[in-house]
2 protein chains.
Amino acid sequence: MEKAQTLGVRAQQKEKTRRALINAAMNQLSAETGFSSLSLREVAREAGIAPTSFYRHFRNMDELGLTLVDECGLTLRQLLRQARQRIDKGGSIIRVSIETFMQFVADNTAIFRLLLQERTGRSREFRKAVERELEHFKAELIEYLRDEQGFSALLADLQSDAIVKIVFSAGADCFDVDDTQRLQIAEQTIQQVRLVARGAEATRRAKVE
Amino acid sequence: MEKAQTLGVRAQQKEKTRRALINAAMNQLSAETGFSSLSLREVAREAGIAPTSFYRHFRNMDELGLTLVDECGLTLRQLLRQARQRIDKGGSIIRVSIETFMQFVADNTAIFRLLLQERTGRSREFRKAVERELEHFKAELIEYLRDEQGFSALLADLQSDAIVKIVFSAGADCFDVDDTQRLQIAEQTIQQVRLVARGAEATRRAKVE
DNA sequence: CAGAACAGCTAACACCTGTACGCTGAATTC
DNA sequence: GAATTCAGCGTACAGGTGTTAGCTGTTCTG
């Protein structure tokens, strides 16, 4: 709204169809097909524009894909940051974070699948982009473990890397699963993260003594 | 050899071109493209047969893909089982298993990528197939933790699930990486698995007391 | 208000895709 | 040795793909 007025009718409209393209891509992703086998023409069709008009917004499909990856990571991180603020009113940080994460996966299955899928597939550029997102999570977790929990830099790194791996893998487990099963997975993941935390704690003690 | 004689010239030749198709698919996988965007025609071309002859061996590309997944899981499991036997002559089971695993990933990058990629993508049937492979690993690990290490069923399950997640995620980290970096990743993974093991140990103690 | 900018369009291109059909020649069977 | 089986082939079709070139009408700019 506020930006729209300063943007002019034209740019406003352009942004609108850009969103339409992004949404169309996300919709087609939620079907059975992966991003790599989805076509410029079909995306354009669903967005309601001519195939050739696609190029007014993205140089090719890959550019659209990278946009999707960026957006997905961004919104997920925002969500988790909000969740962490809610913790100050009491509650386990592990539990709240993981439950938030799982809720995100359930709500945005298609786009989260893109994230996980392109982590191992497609072009190197895609993989780098996803890895960058995972690094963001890891970095925030490291900061927390070091500053709030007093872990050494090395142990914080090792620990958070393991946790990110466990949590994102658990996210992948949620794809073909109903709500109650998802809650079970969340519960299991919480316990696993606690396992790691406990191991790190034990390691710290062993080194201090 | 021994089977070839009883198999007849004809069946022998058929098996040969079947392998050619499988190898062709693996080769094309090692390029940049994922399995979903790889075409029957190109695979047939690389295998040196006419496109239509493909159907003499597989009903469609998906059937070929599932074959690939099965084979990959099978050889990896055999490798790990061999590794575990070598352990009896001394050496940490964690270290030997993970180093074997990482070596496999380095040698069979293309097909391992298929495994990880189809875990989150494509048809439900593919995902189920990959999940089945992961379950096999988990099951063997559970057995070891329960019988040899004396963990409770619940704790063994929790622990091995976490370990499989960590190790396979680490495998994904090896894609765009040279040999020395891969060794670093292996080292880090070993420490992380030990973290989990230590956490599980601490949990067991806490429950006993 | 004239002129530039530009999102979106249509038409057309060269190419690739999966698959149906029917044939051929060698291996197999009886 | 005649009959059958069947892996592999060539042809052909209908439909999809990305991308180029050039037009149109609206919005923005000076």
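Quick note on labels: first sequence line is chain A, next is B, and so on, each numbered from 1. Keep in mind it's a predicted model, so treat the numbers as computed, not measured.
If you take CD of Glu15(B) and P of dG8(D), they are 11 Å apart, rounded to a whole angstrom. Rounded to whole Å, the distance from CG on Leu38(A) to P on dT17(D) is 10 Å. Put simply, CZ on Phe54(A) is 12 Å from C1' on dT19(D), counting in whole angstrom units. Spacing between atom CE of Met61(A) and atom P of dT17(D) amounts to 10 Å, rounded to whole angstrom units. Rounded to whole Å, the distance from NZ on Lys14(A) to P on dC28(D) is 13 Å. At whole-Å resolution of the value, CZ in Phe58(B) and P in dG18(C) are 15 Å apart.
For Arg41(B) against dT19(C), a side-chain-to-base donor-acceptor contact under 3.5 Å is present. Looking at Thr52(A), its side chain comes within 3.5 Å of the base of dT10(C) through a donor and an acceptor atom.
Remark on DNA chain C: of its neighbouring residues Arg10(B) and Arg59(B), the 5'-side contact belongs to Arg59(B), judged by nearest-heavy-atom nucleotide. Along DNA chain C, the nucleotide nearest to Leu40(B) and the one nearest to Ala11(B) differ in position, and the one closer to the 5' end is contacted by Leu40(B). With the nearest nucleotide of DNA chain D identified for both Gln13(B) and Pro51(A), Gln13(B) has the one nearer the 5' end.
Distances were taken from every side-chain heavy atom of Arg56(B) (C-beta onward) to each of dG22(C), dG18(D), dT10(C); the shortest belongs to dG22(C). Comparing dC9(C), dC9(D), dG18(D) by their nearest atom to the side chain of Ile49(A) picks out dC9(C). The side chain of Tyr55(B) lies closest to dT19(C) when the candidates are dT5(D), dT17(D), dT19(C). You'll find that the side chain of Glu42(A) is closest to dT17(D), out of dG18(D), dT17(D), dC28(D). Considering only the side chain of Thr17(A), dG8(C) comes nearest among dG8(C), dG8(D), dG25(D). Closest approach to the His57(A) side chain among dT19(C), dG8(C), dA5(C) is made by dG8(C) (side chain taken as heavy atoms from C-beta onward).
Dashed line: the shortest gap from a side-chain N or O of Ser53(A) to OP1 or OP2 of dC9(C) is under 4.0 Å.
Shown here for Phe175(A) and Thr109(A), the closest heavy-atom pair between the two residues is CD2-CG2, 3.6 Å.
Within the 4.0 angstrom heavy-atom criterion, no nucleotide atom of any strand lies near Arg18(B). Looking at heavy-atom distances under 4.0 Å, Arg45(B) makes contact with sugar-phosphate atoms alone, never a base.
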Query raised in the report: Where do Ser37(A) and Ser37(B) land on the side chain to side chain donor-acceptor pair (under 3.5 Å) test, with the steps shown first?
Result: CA-CA 6 Å; Ser37(A) 62; Ser37(B) 61; over 6 Å; no
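Between the side chains of Arg198(B) and Thr203(A), a donor-acceptor pair is found at a separation under 3.5 Å. Inspection of the Arg18(B) and His57(B) side chains reveals no N or O donor paired with an N or O acceptor under 3.5 Å.
Checked against the 6.0 Å centroid threshold, Phe137(A) and Phe101(A) do not count as a close aromatic pair.
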